[in-house]
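This report refers to the structure that appears directly beneath it.
Throughout, a chain's letter reflects where its sequence line sits, starting with A, and its residues are numbered from 1. It should be emphasised that the depicted structure is a prediction, and the values quoted were computed from it without experimental measurement.
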Protein chains: 2
Amino acid sequence: MEDYSNVQVKSKLNVDFEGDVSSPLGFIAGGMHAGLRKQNNDFGWIFSTTEAQAAGVYTLNRFKAAPLIVTQESIAQNQTLQAIVVNSANANACTGEQGLKDAKDTQQWVAEQLKILPTNVGVASTGVIGEFLPMDKIYHGTQNVLKEQYNNSEYFNEAILTTDKCTKNLAVQVEIDGTTVTIGGTAKGSGMIHPNMATMLGFVTTDANIDGETLSQSLKMTIDDSFNMITVDGDTSTNDMVLCMANGQANHAPLTTEHPDWQEFQEAMHYVCQYLAKEIAKDGEGATKLVTAKVTGAVDDIDARKIAKSIVSSNLVKTAIHGEDANFGRIVAAMGYASDQFEPDDTYVSLCDTDVVHQGMSVAFDEVTMKAKLEQDDIVIEAKVGDGHGNAVAYGCDLTYDYVRINASYRT
Amino acid sequence: MEDYSNVQVKSKLNVDFEGDVSSPLGFIAGGMHAGLRKQNNDFGWIFSTTEAQAAGVYTLNRFKAAPLIVTQESIAQNQTLQAIVVNSANANACTGEQGLKDAKDTQQWVAEQLKILPTNVGVASTGVIGEFLPMDKIYHGTQNVLKEQYNNSEYFNEAILTTDKCTKNLAVQVEIDGTTVTIGGTAKGSGMIHPNMATMLGFVTTDANIDGETLSQSLKMTIDDSFNMITVDGDTSTNDMVLCMANGQANHAPLTTEHPDWQEFQEAMHYVCQYLAKEIAKDGEGATKLVTAKVTGAVDDIDARKIAKSIVSSNLVKTAIHGEDANFGRIVAAMGYASDQFEPDDTYVSLCDTDVVHQGMSVAFDEVTMKAKLEQDDIVIEAKVGDGHGNAVAYGCDLTYDYVRINASYRT
């Protein structure tokens with residue numbers, strides 16, 4: 001079992017780690033092998049039996065992939081979606097006008113197949129940059145969307161993976177107006193992962209009754225503490241996107257930020273996003289350990305996030321943790337170049353619950369005990385940098401031979 | 001022989017790749033084994049037979065090592081130095097008051113030994129963070145400074161190394177007022193190397209007649225295009241420092257920015273700093289290839305530098321180059337998250353002289369020819385991002401299994 005102590009949940013959540021985007025009422029997910037990859041599923045879909053309110057957050061990379069542009073424009077039109085299709089193996093990025101046409105054709109084919117509006121179809125791609133989509137295979141996929149034999153959400157969870165070693169999904173339930181509301185999520189990593197989105201696709205579905213504007217607000221409020229707080233390699237991708245659909249089938253009074261149960265809903269959203277983010281970090285390319293950096297006492301949350309992200313982003317920290325070496329000097333170095341808004345003399349650092357830096361100075365510790373702690377898979381670094389109210393938690397992973405191996409030969 | 005085509009030298013420079021900090025008139029360098037490392041030289045010195053004008057640039061890391069603080073304060077007092085001592089194996093960083101006292105004691109011992117002012121002694125350390133200097137060994141070193149048998153500049157060049165595989169040094173000569181002026185330089189890398197200084201120590205000496213203020217100006221003008229444009233791993237260290245000494249023994253009219261030969265001197269300084277920076281990048285931990293990113297057409301030099309540094313900093317670019325894989329998608333991704341001041345549609349990228357991106361779109365290229373080019377040790381990426389006047393060149397290296405191996409076990 002995971003340690004969810006970092007996730008602050010005030011009310012009781014019903015969590016189902018077998019659940020996913022198909023768990024909320026009225027959602028179907030599926031996937032198939034359309035031929036983009038050698039044998040694994042490579043084309044997947046999420047469908048809501050009724051039109052859903054929709055929200056998205058998108059990469060800040062200047063080069064935005066074609067499907068991302070098309071989906072962002074579609075959602076902007078009326079904040080609704082009814083289906084999302086995703087392909088792996090090809091990112092449809094750096095593909096110019098042809099890429100945009102391919103993304104729109106995909107959208108159109110799905111719309112015709114499902115008899116819904118093209119702008120109600122979200123499209124997402126992940127994989128190699130700079131190659132055109134093989135449209136014959138994509139067409140084949142679109143003609144099989146929602147076919148009974150492929151409607152298995154596990155097929156969807158698998159179809160979106162690239163170098164991920166495992167699927168990442170869960171569902172949680174929360175009471176709104178005495179009605180059970182379900183939020184489900186499925187995501188993929190696992191390279192080009194860095195704050196401000198990544199080669200990361202996240203899909204969140206819910207049967208909550210909430211309008212697109214409020215849904216967007218809810219999603220954006222969770223992003224800074226979840227998907228934007230993870231890093232695998234510091235590279236922000238062209239295709240990152242988190243899409244959220246809410247179809248209202250739980251049938252309670254509309255959720256607004258004034259609704260008495262708003263906080264419960266928001267916490268559930270946060271739990272889903274943070275869990276998926278953490279799973280992505282843990283399954284980073286070549287990773288053998290999850291690294292969590294918790295920063296407290298910063299001047300504000302923004303500065304705390306900078307420092308926490310810098311620790312988990314540092315190649316030197318990541319390799320030291322891979323080597324199970326308590327090289328705390330690299331931790332303070334990574335903190336020191338992240339921010340100039342704290343005093344080294346007010347800095348305290350602990351590694352796996354052992355103090356290593358006190359008021360900016362190294363502290364003696366027992367190397368044998370520390371070595372044993374560093375052999376664990378879950379490494380926690382805590383840093384207090386003053387008496388401010390800024391806090392943040394960032395997630396990353398170790399840097400390994402396998403990361404180099406995987407990435408030295410990804411394209412070929 | 002190196003390719004110096006990136007170094008813009010208008011006038012003819014006399015370059016000596018065997019030269020170093022001891023080449024200018026009146027400079028002596030040496031080194032010895034003081035016992036900090038198992039057997040290699042670990043304590044070195046540079047001495048000027050007359051008091052020299054001095055300038056320095058220092059890490060921006062919030063955690064500054066004790067020797068750096070002491071040296072910075074000493075130079076600030078009257079902009080002079082007569083000696084610099086350096087130890088490797090221990091960074092004297094995160095060592096609090098004790099660390100400052102140790103750095104000052106070192107300075108004092110050297111001053112007594114050489115009968116010069118303590119503030120005329122610069123001190124520098126590189127190595128593990130968070131351990132106190134072994135002051136008995138440091139004392140032993142200080143008592144041997146300038147001893148005849150150790151006065152060999154190669155000993156100095158070796159004494160400052162940590163994980164570097166080779167020494168890095170050169171000297172150039174230039175005519176000022178018809179008099180030959182020599183500038184010598186020695187530097188070390190090779191981990192924690194990133195823009196805005198690094199675990200990088202650079203020492204530049206010259207017999208030019210120039211006051212401390214102008215020398216400082218000259219150094220700062222070259223830094224942004226040399227030492228600040230290299231990266232090995234994105235980690236900016238606590239100990240980085242470039243120190244420059246000018247003893248005036250070449251005996252020409254004082255150099256000012258108005259001097260007719262100022263430009264020649266500045267180009268020579270630039271050549272020395274850029275050569276050393278490039279050597280550091282090439283000898284990055286575990287590196288097998290030098291990666292050069294040239295950016296043109298940016299809105300200004302600052303933006304061009306951001307984009308160029310982002311390319312050579314990307315773990316995904318670095319692993320692709322290690323794998324000799326023309327994964328240009330990672331290059332544009334790294335450019336895209338570095339700046340929002342250029343248009344993807346106006347972007348052109350070439351890899352080893354082969355066009356790979358044209359107006360933001362991928363270009364077909366011959367994989368076999370490209371693969372052969374990528375087998376070379378010297379990989380050049382050129383990117384044009386518009387019609388602006390901003391240009392920059394950044395240097396980095398590939399990310400290899402050896403980088404992980406070296407850094408997974410550096411401290412122990």
Minimum side-chain heavy-atom gap Arg62(A)-Phe342(B) below 4.5 Å
yes
Rounded to the nearest 0.5 Å, the CZ atom of Arg405(B) sits from the OG1 atom of Thr319(A) at a distance of 12.0 Å
Distance col, row Phe63(A):CZ vs Thr347(B):OG1, nearest 0.5 angstrom, shows 4.0 Å
Looking only at Pro344(B), Gly130(B), Ala91(B), most heavy-atom pairs under 4.5 Å shared with chain A are made by Pro344(B)
Taking every heavy atom of Phe328(A) against every heavy atom of Ile129(B), the minimum-distance pair comes out as CZ-O, 4.1 Å
Asp366(B) meets the side chain to side chain contact (heavy atoms under 4.5 Å, CB included) criterion, sequence neighbours left out, with Val368(B), Thr369(B)
Kindly check if the number of other-residue, nucleotide or ligand heavy atoms within 6.0 Å of NZ (Lys373(B)) is above 12?
yes
Across all chains, not counting sequence neighbours, the side chain to side chain contact (heavy atoms under 4.5 Å, CB included) partners of Glu324(B) are Lys289(B), Lys371(B), Leu374(B), Glu375(B)
Between the CG atom in Leu399(A) and the CG atom in Leu399(B), the distance rounded to the nearest 0.5 Å is 6.0 Å
Nearest heavy-atom contact between His322(A) and Val404(B) is CD2-CG1, 3.9 Å
Applying a strict 4.5 Å limit to non-hydrogen atoms, the region of Phe132(A) in contact with chain B is side chain
Smallest heavy-atom separation, Cys94(A) atom then Val332(B) atom, equals SG-CG2, 3.2 Å
Cut-off 4.5 Å, heavy atoms of chain B, and the answer for Thr400(A) is backbone
Whatever's closer than 4.5 Å to a heavy atom in chain A on Ser339(B) counts as backbone
